Amino acid sequence: MAKHYWLMKSEPEEFSIDDLQRVGSEPWSGVRNYQARNFMRDEMKPGDGVLFYHSNATPPGIAGIARVDGEPYADPTQFDPESDYFDPKSSPENPRWQLVNLRFERKLKRLITLDEIKQHAEALGDFALLRRGNRLSVMPVEKAQWNYLLNLE
DNA sequence: GCCAACGTTGGC
DNA sequence: GCCAACGTTGGC
């Protein structure tokens, strides 16, 4: 079974790499985009590597590494009328949204900024993060891209 | 705060 | 099924 690599965005004011370090493992609730869900539901395996990206930050960039912690399961917030992520069209019998837990692995020695990543666009090849207008919060990363990015650290 | 990009919704 | 309106993302 091929191991996969990912990049997942989080706004550090909401949930940062330091928050992940503090709690150890965190259910990645609230993803309400089908493409992102499909990656989590269909392709993520326990132990997959995750680049933890700080979006809407100054500056934005890759802040740390996490691991997929366990198998995908139904996002409980979709059934909670009190939650911002409540989805009245979903039900426990037929859940619409799946998530995985992320486990903290380590912070990078330094932030690898979006600006710096852009400078390596040619070497990285087709990288989802750099595609024009990309807003996906969960995206695949090739093993070669993973290695290349971490060599910048 | 602005705004381009783009996903979703809902009327028809 | 089309597509205009609307909401969100996220860099700047």
Side-chain angles (χ1 to χ4, degrees), chain A residues 4-23 26-44 48-69 72-142 145-146 148-153:
Chain A
H4 290 161
Y5 297 90
W6 308 95
L7 182 146
M8 295 171 77
K9 296 177 183 171
S10 184
E11 303 196 13
E13 289 198 6
E14 299 295 322
F15 193 86
S16 71
I17 189 72
D18 292 317
D19 294 322
L20 186 63
Q21 181 169 29
R22 190 174 320 116
V23 299
E26 176 75 5
W28 212 245
S29 56
V31 171
R32 295 293 180 268
N33 170 283
Y34 289 103
Q35 213 179 337
R37 176 206 66 182
N38 291 347
F39 286 136
M40 291 198 287
R41 183 188 65 185
D42 303 333
E43 298 191 41
M44 282 193 183
D48 278 1
V50 177
L51 298 172
F52 195 99
Y53 178 89
H54 282 173
S55 65
N56 252 322
T58 49
I62 299 166
I65 297 175
R67 295 281 164 188
V68 174
D69 192 18
Y73 60 98
D75 181 345
T77 63
Q78 69 194 305
F79 310 127
D80 176 7
E82 301 298 308
S83 170
D84 287 344
Y85 303 123
F86 178 61
D87 184 346
K89 293 176 183 167
S90 191
S91 66
E93 296 71 33
N94 189 18
R96 177 179 290 195
W97 304 108
Q98 300 277 120
L99 54 67
V100 296
N101 281 33
L102 290 191
R103 173 162 293 282
F104 178 81
E105 179 157 311
R106 67 179 179 91
K107 291 173 71 171
L108 297 193
K109 298 186 200 85
R110 65 181 187 86
L111 188 77
I112 298 175
T113 64
L114 177 61
D115 186 59
E116 184 176 357
I117 295 167
K118 284 177 177 172
Q119 292 170 25
H120 293 273
E122 199 168 335
L124 286 165
D126 184 25
F127 188 34
L129 185 70
L130 300 181
R131 280 184 209 141
R132 189 156 174 266
N134 164 66
R135 296 183 313 164
L136 261 187
S137 62
V138 177
M139 64 187 73
V141 177
E142 298 294 323
Q145 293 169 334
W146 170 278
Y148 187 92
L149 289 164
L150 291 181
N151 278 332
L152 297 176
E153 186 180 359

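It should be emphasised that the depicted structure is a prediction, and the values quoted were computed from it without experimental measurement. Lettering of chains follows the sequences in order, A, B, ..., and the numbering in each one begins at 1.
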Take the protein atom [atom1] of [X] and the nucleotide atom [atom2] of [N], then report the distance between them rounded to whole Å.
X        : N      : atom1 : atom2 : value
A:Gln35  : B:dC6  : CD    : C1'   : 11 Å
A:Tyr85  : C:dT8  : OH    : C1'   : 12 Å
A:His54  : C:dG11 : NE2   : C1'   : 16 Å
A:Arg32  : B:dT9  : CZ    : P     : 12 Å
A:Arg131 : B:dC6  : CZ    : P     : 11 Å
A:Asn134 : C:dT9  : CG    : C1'   : 10 Å
A:Arg96  : B:dT9  : CZ    : C1'   : 12 Å
A:Glu13  : C:dG11 : CD    : C1'   : 15 Å

task = Salt-bridge test for A:Arg32 and A:Asp75: reply yes if a basic N is under 4.0 Å from a carboxylate O, no otherwise.
result =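 Between A:Asp75 and A:Arg32 there is a salt bridge, with a charged N closer than 4.0 Å to a carboxylate O.
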Under a 3.5 Å cutoff, is there a donor and acceptor pairing between the side chains of [X] and [Y]?
X        : Y        : answer
A:Thr113 : A:Asp115 : no
A:Arg96  : A:Tyr34  : yes
A:Tyr85  : A:Asp80  : no

key: Under-4.0 Å side-chain N/O to phosphate OP1/OP2 contact, A:Tyr53 with C:dG11   =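 Yes, such a contact exists.
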inquiry  = It should be established whether A:Lys9 places a side-chain nitrogen or oxygen under 4.0 Å from OP1 or OP2 of nucleotide C:dT9.
reply    =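 Negative; the distance criterion is not met.
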task = Can you establish whether the number of heavy atoms outside A:Glu105 located under 6.0 Å from its atom CD is more than 12?
result =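 More than 12 within 6.0 Å, yes.
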[X] side-chain proximity, nearest of [options]:
X        : options               : result
A:Asn56  : B:dT9, B:dG7, C:dG10  : C:dG10
A:Tyr34  : B:dA5, B:dT8, C:dC12  : B:dT8
A:Arg132 : B:dA5, B:dT9, C:dG11  : B:dA5
A:Lys89  : C:dG11, B:dG7, B:dG10 : B:dG10

message = Mind checking if A:Leu136 touches a base, just sugar-phosphate, or nothing, with heavy atoms under 4.0 Å?
response =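 Result for A:Leu136 = sugar-phosphate.
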